[in-house]
There are 2 protein chains.
Amino acid sequence: MFSTGHHRILSAITRLGPKSRTDLARLLGLSKGSISIFVRDLLEQGILKEQELIFSQGRPSVTLGLRSDAASFIGISLHTDPATIVLTDPHGEVLARRQIPRETDPERCFSLLAKAVQKVRRHAEPNIGLTTGIGVAQPGFVSRDRRICLASAALGWRNVDVAGELSELTGLPVFVENDTNALILGEQLFGASGECPNFSLVFVGDGIGSTHIIDSRLYRGHHGGAGELAHSPVAFDLQNALPCRCGNRGCLETLASLQSIKGAARSAGLPSEIPELIGLANTGDPDALRILHRAGSALGFGLAQLVQILDPSQVVVLMDAALKDSVFSNVLRQEMEAHVLKRPGTQSTLILRSASNDSFALGAASIAAQHFLFGIDWI
Amino acid sequence: MFSTGHHRILSAITRLGPKSRTDLARLLGLSKGSISIFVRDLLEQGILKEQELIFSQGRPSVTLGLRSDAASFIGISLHTDPATIVLTDPHGEVLARRQIPRETDPERCFSLLAKAVQKVRRHAEPNIGLTTGIGVAQPGFVSRDRRICLASAALGWRNVDVAGELSELTGLPVFVENDTNALILGEQLFGASGECPNFSLVFVGDGIGSTHIIDSRLYRGHHGGAGELAHSPVAFDLQNALPCRCGNRGCLETLASLQSIKGAARSAGLPSEIPELIGLANTGDPDALRILHRAGSALGFGLAQLVQILDPSQVVVLMDAALKDSVFSNVLRQEMEAHVLKRPGTQSTLILRSASNDSFALGAASIAAQHFLFGIDWI
DNA sequence: CAGACTTATTTCAGTGGGTAAAATTACGTT
DNA sequence: AACGTAATTTTACCCACTGAAATAAGTCTG
């Protein structure tokens, strides 16, 4: 239907914002003639719209933007227990959302999800674009073709044909992706990092997840294990190195994940819920401060490793809102800066952001959006 | 002259070894018809040759291989003081070599290099391929177009137009690259890692250099600073963290570089030359053992970080031959394995290799070779 | 050993994704 | 109204590549 030319145009406009035909020709290295034809197709299909006239000398250029009703996308997050289902437009605006219990039995899970998808679609305004696909974000490993869940400890799944089953029930194409990968793809498509060809994202939750966009593409690692920053070693002296559930010692996860923070709080006789712990720290409680300090500096240390090895243009750290506004953040930033090579003007920037409820589901939806907008081989 | 089709064929054959036309069609996703035409051109130009008949059922397939006399390439290493100049064939065989003092004054340096290049070319057998280009491997930062040395502390150069000057003097196209980058490109083209789309290389010398091939392409980092593994932090507890020349504390380089090993040996009143130190360690000297052990485990620790963050298919560590056959290697491997997530069958493999005198020059030559074989946009 | 079969390679007439340049459009300015 | 400028469209053409048919060069089989 659409050729790479069409998809490249959509890619540029989604990432860089509205552009004129002449801009696109320059940007993509195509002739104005080709752009003209591609754009006509996209206008006819109701995917682009002529948006704004820019006056200077000569004929005004007309910027082309994505139509909000070009299409719509379903995103499903299985990251935490209430599973989240969202319906978004091509700009990442949430048109409808829903939460349902996350079943671990595949059959029942998919059946509930399919029903929720129907409800979400019916619940949305009538004048939205045709829904073109479903993205699923789930913890664990996923096959390279984005169809099969190879293994997920959290869900207890092995070799579950998620795409096949869910596609059968809903009649829509389904794309499955690891949850943190989905997050960074969402950041790339819907977020502020669209122009960056090289950046990394780290998610701090019960565990720690990381992923990288390299050369504008998701980098999975050779065995699909890139982004195991959680198990990057931070404690060199084995006396202090805590044992990790992975069997090794000194992993970042043993110091900086929410689980480990809660564990440390419990051992110190403090409340193990994060908001309470941060409240205590704010009152100056030395134990609470010590725990948060240690966690923050461990993460900063791990991020410094990442920056030294990959030199991304930016690192986005996504975390609980409470955590983001606590000592944790400050220490994290300080410690990272203390361990990163100083080269003025060419440093990687650190962006701290609080995760929303829909972050993962939005990321999932962005994968379906990518497939619609950019075509199949942009994986 | 040659289209991407030709270059893709050469790329496949260089990396994967001789292949039949049908293999190439399948491998590159082109029709047999196109391959036929491209191959005819390459045979006519004397770049490929029909090599071997493979008999099975049906018409035997004929494998196509690179002709050794298709072309020849100059590689210049400015990595250490005697600069090395080699002339190689397309397989990375050294046809002639020469060493000259490494001048730091650009004018004089280039003039000497140009003369050495002429001598090397004259010195080689007469029946070799036309020399098509010069690669230069040098410490420091290089512009993205591979022409200018932006900054090199070791040479004291800033914004030196290496390609321009050397090209003027020799009449050959010149490609400049950071030394460690040249190393990994040589490994990719001439070495055993050609098939790997994702691998990393770490060089242990006076400093520590690292680079990554991601998706078959050299990854430089967003500011050209990927591969600063040397300044990745390994010492978490600041009491033990040594100050690094970069201004931070606890960098890998403060523990595992040859400089730091020699420094530690000197402080302990031991001989500061590596072979002697290793000799001592072999006799069981506790101080020598301690120093080598600490260096090895620091590097293993850093490599574990790299593996966790990037998940390469393999990590090649290039070092002094003596070092490679010492405790250092064993400890390095152990420490890395102790800190890498265990996932059977999908681990990154560690390859230890001793650096030869020509390693950097060969890497440099491989860049000229890449340009000839793969065309300009493969950077 | 002839003919059947199999597989590799070449030939050849399209096709689709582009390009380059001329023509057209739509503004401002004089 | 005429002119200058820059954006866009039209038009004629190019070329890399495809798919199918033809050809080549072997093995296998009765």
Side-chain angles (χ1 to χ4, degrees), chain A residues 1-13 16-45 47-67 373-378, chain B residues 1-13 16-45 47-67 373-378:
Chain A
M1 174 67 201
F2 286 135
S3 70
T4 48
H6 298 100
H7 290 309
R8 289 185 63 201
I9 287 180
L10 291 175
S11 165
I13 290 183
L16 276 40
K19 288 274 168 278
S20 77
R21 292 174 178 81
T22 312
D23 288 345
L24 288 171
R26 189 175 28 78
L27 238 49
L28 302 181
L30 294 176
S31 71
K32 297 173 179 181
S34 323
I35 298 287
S36 212
I37 294 171
F38 294 144
V39 167
R40 176 165 44 228
D41 296 344
L42 293 170
L43 289 171
E44 273 172 11
Q45 296 290 325
I47 296 176
L48 288 184
K49 63 174 181 227
E50 301 198 320
Q51 206 163 276
E52 199 186 354
L53 286 174
I54 307 269
F55 296 88
S56 68
Q57 287 185 308
R59 176 170 174 174
S61 62
V62 8
T63 59
L64 302 156
L66 257 190
R67 284 181 62 153
L373 294 169
F374 305 161
I376 203 78
D377 11 340
W378 269 84
Chain B
M1 176 66 201
F2 286 135
S3 71
T4 49
H6 299 99
H7 289 309
R8 290 185 63 201
I9 287 180
L10 290 176
S11 164
I13 290 183
L16 308 166
K19 289 274 169 278
S20 76
R21 293 171 175 82
T22 312
D23 288 344
L24 289 170
R26 188 174 30 77
L27 237 49
L28 302 179
L30 293 175
S31 72
K32 296 173 179 183
S34 322
I35 297 289
S36 212
I37 293 171
F38 294 144
V39 167
R40 176 165 47 227
D41 296 344
L42 293 169
L43 288 171
E44 273 171 11
Q45 296 290 324
I47 295 175
L48 288 183
K49 63 175 180 224
E50 301 198 320
Q51 205 161 281
E52 198 188 356
L53 285 173
I54 307 269
F55 296 87
S56 66
Q57 286 185 311
R59 177 171 170 173
S61 62
V62 9
T63 59
L64 302 156
L66 257 191
R67 284 180 62 153
L373 294 169
F374 306 161
I376 202 76
D377 11 339
W378 269 84

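Reminder, nothing fancy here: chain letters follow the sequence lines and each chain counts from 1.
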Exercise. For B:Leu30, which contact category applies under a 4.0 Å heavy-atom criterion: base, sugar-phosphate, or nothing?
Worked result: sugar-phosphate
Exercise. Quantified as the angle between the terminal helix axes (five pairs each), what is the overall bend of the helix from C:dC1-D:dG30 to C:dT30-D:dA1 to 10 degrees?
Worked result: 10°
Exercise. Going by heavy atoms in the side chains, are A:Arg8 and A:Phe374 under 4.5 Å from each other?
Worked result: no
Problem set entry | Salt-bridge criterion met for A:Glu50 and A:Arg67 (N-O under 4.0 Å) | no
Problem set entry | A:Phe38 CZ - C:dG16 C1' separation (whole Å) | 10 Å
Exercise. A:Leu373 versus A:Ile13: any side-chain heavy-atom pair under 4.5 Å?
Worked result: no
Exercise. What's the CD1-C1' distance between B:Ile9 and D:dC17, to the nearest Å?
Worked result: 12 Å
Seminar exercise, completed: Heavy-atom closest pair (A:Val62 atom, A:Leu53 atom, distance to 0.1 Å) is CB-CD2, 3.9 Å
Exercise. In whole angstroms, how far is the C1' atom of C:dG18 from the NE2 atom of A:His6?
Worked result: 12 Å
Problem set entry | Rounded distance (Å) that lies between atom P of D:dC17 and atom CZ of B:Arg8 | 8 Å
Seminar exercise, completed: In short, salt bridge (charged side-chain N to carboxylate O under 4.0 Å, His left out) pairs touching residues 23-38 of chain A with sequence neighbours left out are A:Asp23-A:Arg26
Problem set entry | A:Phe2 and A:Ile47, any side-chain heavy atoms less than 4.5 Å apart | yes
For this session: In whole angstrom, give the distance that lies between atom CD1 of B:Ile54 and atom C1' of D:dT27.
Result: 16 Å
Exercise. Do B:Ser61 and B:Ile54 come close enough that some side-chain heavy atom pair is under 4.5 Å?
Worked result: yes
Exercise. Would you say the side chains of B:Ser3 and B:His6 form a donor-acceptor pair under 3.5 Å?
Worked result: yes
Can you tabulate the close N/O pairs, meaning under 3.5 Å, that link protein atoms to atoms of nucleotides 8-14 of chain C?
| from | atom 1 | to | atom 2 | distance (Å) |
| --- | --- | --- | --- | --- |
| C:dA8 | O4' | B:Arg59 | O | 3.3 |
| C:dA8 | N3 | B:Arg59 | NH1 | 3.3 |
| C:dT9 | OP1 | B:Val62 | N | 3.0 |
| C:dT9 | OP2 | B:Arg21 | N | 3.4 |
| C:dT9 | OP2 | B:Thr22 | N | 3.1 |
| C:dT9 | OP2 | B:Thr22 | OG1 | 2.8 |
| C:dT10 | OP2 | B:Arg21 | NE | 3.0 |
| C:dT10 | OP2 | B:Ser36 | OG | 2.4 |
| C:dT10 | O5' | B:Ser36 | OG | 3.3 |
| C:dT11 | OP2 | B:Arg40 | NH1 | 2.7 |

Problem set entry | Closest approach of B:Ala12 to B:Leu24 (non-hydrogen atoms, all atoms of both residues) | CB-CD2, 4.0 Å
Exercise. How long is the line joining CZ of B:Phe55 and C1' of D:dA24, in whole Å?
Worked result: 14 Å
For this session: Provide, to the nearest angstrom, the distance between the CG atom belonging to B:Asp41 and the P atom belonging to D:dC15.
Result: 14 Å
